[in-house]
Amino acid sequence: MTTHEPARSREQRQQDALDRLEKDEDAWVSTASADGVPTLVPLWFVWDRGALLMATRRTNPTAVNVTPTGHARIAVGHTRDVVLVEATAEVIEGADLAPESGDAFAAKFNWDPRGRPAWVYLRFTPTALKAWRESNEQSGRELMAEGRWLD
């Protein structure tokens, strides 16, 4: 049986969501091909200047899918404490990545894909963000819309 804590305030949910984005390492990334075939993959991420930064092989479906559509959905956390992000996506070559972003990724994972031609970075900039734990937090789960934090 699950113990239900009181619903968090919007301010607390936003802070908890930002903490999760700063500290977590893994996310589920959902994209779709140009003809609508869905793909769901786990990727490492770093929260970098208001966006999720990930790396993958340029030929992997996730990198291929973000090129035509520019959209993705990302889930961070587990089912009873989730941050769901809708984002615009862009592919960035390692040479074009801001050095501080590449350094942040390399420091977090002790791995640096810069200079590896088979790899690209994906920058996901949130346009909408929701966070909730249990059913008592379904109301008010929207924390960001149109790329702006809600008051």
Side-chain angles (χ1 to χ4, degrees), residues 1-32 38-58 60-94 96-114 119-151:
M1 186 168 137
T2 303
T3 303
H4 296 283
E5 296 179 18
R8 297 169 290 172
S9 67
R10 178 182 305 278
E11 295 79 17
Q12 186 62 54
R13 282 191 223 190
Q14 181 177 340
Q15 185 56 57
D16 291 348
L18 286 168
D19 287 346
R20 183 167 287 288
L21 291 169
E22 285 285 341
K23 295 174 184 170
D24 281 19
E25 295 180 345
D26 303 309
W28 286 99
V29 181
S30 175
T31 60
T39 300
L40 179 66
V41 297
L43 290 173
W44 290 343
F45 77 93
V46 63
W47 183 244
D48 178 57
R49 298 179 290 146
L52 294 104
L53 182 66
M54 303 179 192
T56 190
R57 291 186 181 272
R58 72 177 61 252
N60 284 352
T62 303
V64 172
N65 290 350
V66 300
T67 303
T69 66
H71 297 286
R73 257 197 194 152
I74 301 159
V76 178
H78 50 84
T79 57
R80 298 228 167 139
D81 190 7
V82 67
V83 176
L84 183 63
V85 179
E86 292 186 34
T88 58
E90 63 179 310
V91 177
I92 304 171
E93 298 292 334
D96 297 332
L97 186 68
E100 60 271 18
S101 296
D103 292 347
F105 189 92
K108 186 169 184 177
F109 299 110
N110 197 30
W111 180 68
D112 192 347
R114 289 177 288 190
W119 290 80
V120 292
Y121 288 91
L122 305 175
R123 178 175 289 284
F124 297 97
T125 303
T127 57
L129 187 143
K130 299 175 183 176
W132 69 94
R133 289 186 176 154
E134 298 286 345
S135 59
N136 65 342
E137 289 194 354
Q138 291 293 311
S139 175
R141 67 183 174 238
E142 295 85 8
L143 301 178
M144 178 187 283
E146 298 178 8
R148 303 176 85 158
W149 292 101
L150 302 175
D151 294 328

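Quantities reported herein were computed from a predicted structural model and do not represent experimental measurements.
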Query - side chain to side chain contact (heavy atoms under 4.5 Å, CB included) evaluation trace for V76 with F45 - result: CA-CA 10 Å; V76 178; F45 77 93; 4.0 Å; yes
**Report entry** Closest approach of S101 to L53 (non-hydrogen atoms, all atoms of both residues)
**Finding:** O-CD2, 3.7 Å
Query raised in the report: Is Q14 close to L18 at the side-chain level, that is, under 4.5 Å between some pair of heavy atoms?
Result: yes
**Report entry** Listed partners of D19 passing salt bridge (charged side-chain N to carboxylate O under 4.0 Å, His left out), at least two apart
**Finding:** none
Query raised in the report: Taking atom CG of N65 and atom NE2 of H71, what is their separation to the nearest 0.5 Å?
Result: 12.5 Å
Query raised in the report: If we only count heavy atoms from C-beta on, is the T56 to V66 side-chain gap below 4.5 Å?
Result: no
Requested in this report: Look at the aromatic rings of F109 and W44 and report parallel, tilted or perpendicular, splitting at 30° and 60°.
Outcome: parallel
Query - For G50 against P126, the heavy-atom pair lying closest together - result: O-CD, 3.2 Å
Report summary line: The residue among L43, T31, L52, V83 that forms side-chain contact (heavy atoms from CB on, under 4.5 Å) with I74 is L52
Query raised in the report: With a 4.5 Å heavy-atom cut-off, do D48 and R123 have their side chains touching?
Result: yes
Query raised in the report: Is R8 salt-bridged to E137, going by a charged N under 4.0 Å from an acidic O?
Result: yes
**Report entry** Among I92, N60, V91, the one residue meeting side-chain contact (heavy atoms from CB on, under 4.5 Å) with L122
**Finding:** V91
Report summary line: On a heavy-atom basis, the closest approach of A7 and N136 is N-ND2, 3.3 Å
**Report entry** Non-hydrogen side-chain atoms of D112 and F105 separated by less than 4.5 Å
**Finding:** no
Requested in this report: Check whether any side-chain heavy atom of R141 lies under 4.5 Å from a side-chain heavy atom of R13, and answer yes or no.
Outcome: yes
Query - Qualifying residues under ring pair (Phe, Tyr, Trp, His ring centres under 6.0 Å), relative to F124, sequence neighbours excluded - result: none
Report task. Quick one: do L129 and L21 satisfy side chain to side chain contact (heavy atoms under 4.5 Å, CB included)? Show the steps, please. Result -> CA-CA 11 Å; L129 187 143; L21 291 169; 4.2 Å; yes
Query - From L84 atom CG to E142 atom CD, the distance as rounded to the nearest 0.5 Å - result: 10.5 Å
Query raised in the report: Below 4.5 Å, heavy atoms only, C-beta onward: do R133 and R80 meet side chain to side chain?
Result: no
**Report entry** side chain to side chain contact (heavy atoms under 4.5 Å, CB included) evaluation trace for L143 with R10
**Finding:** CA-CA 7 Å; L143 301 178; R10 178 182 305 278; 3.8 Å; yes
Report task. Kindly indicate, with the supporting measurements, whether the criterion side chain to side chain contact (heavy atoms under 4.5 Å, CB included) is fulfilled by T62 and M54. Result -> CA-CA 11 Å; T62 303; M54 303 179 192; over 6 Å; no
Report task. Determine whether more than 12 heavy atoms belonging to other residues, nucleotides or ligands lie under 6.0 Å from atom CD of E100. Result -> yes
Report task. Find the distance between NZ (K130) and CD (Q138) and round it off to the nearest 0.5 Å. Result -> 9.0 Å
Report task. Could you tell me whether the side chain of R114 reaches within less than 4.5 Å of the side chain of D103, counting heavy atoms only? Result -> yes
Query - Set of salt bridge (charged side-chain N to carboxylate O under 4.0 Å, His left out) partners for R57, sequence neighbours left out - result: none
Query - Minimum heavy-atom distance between T125 and A51, given as atom pair plus value - result: OG1-CB, 4.0 Å
Report summary line: Note: D24 and G77 closest approach over all heavy atoms is OD2-N, 3.9 Å
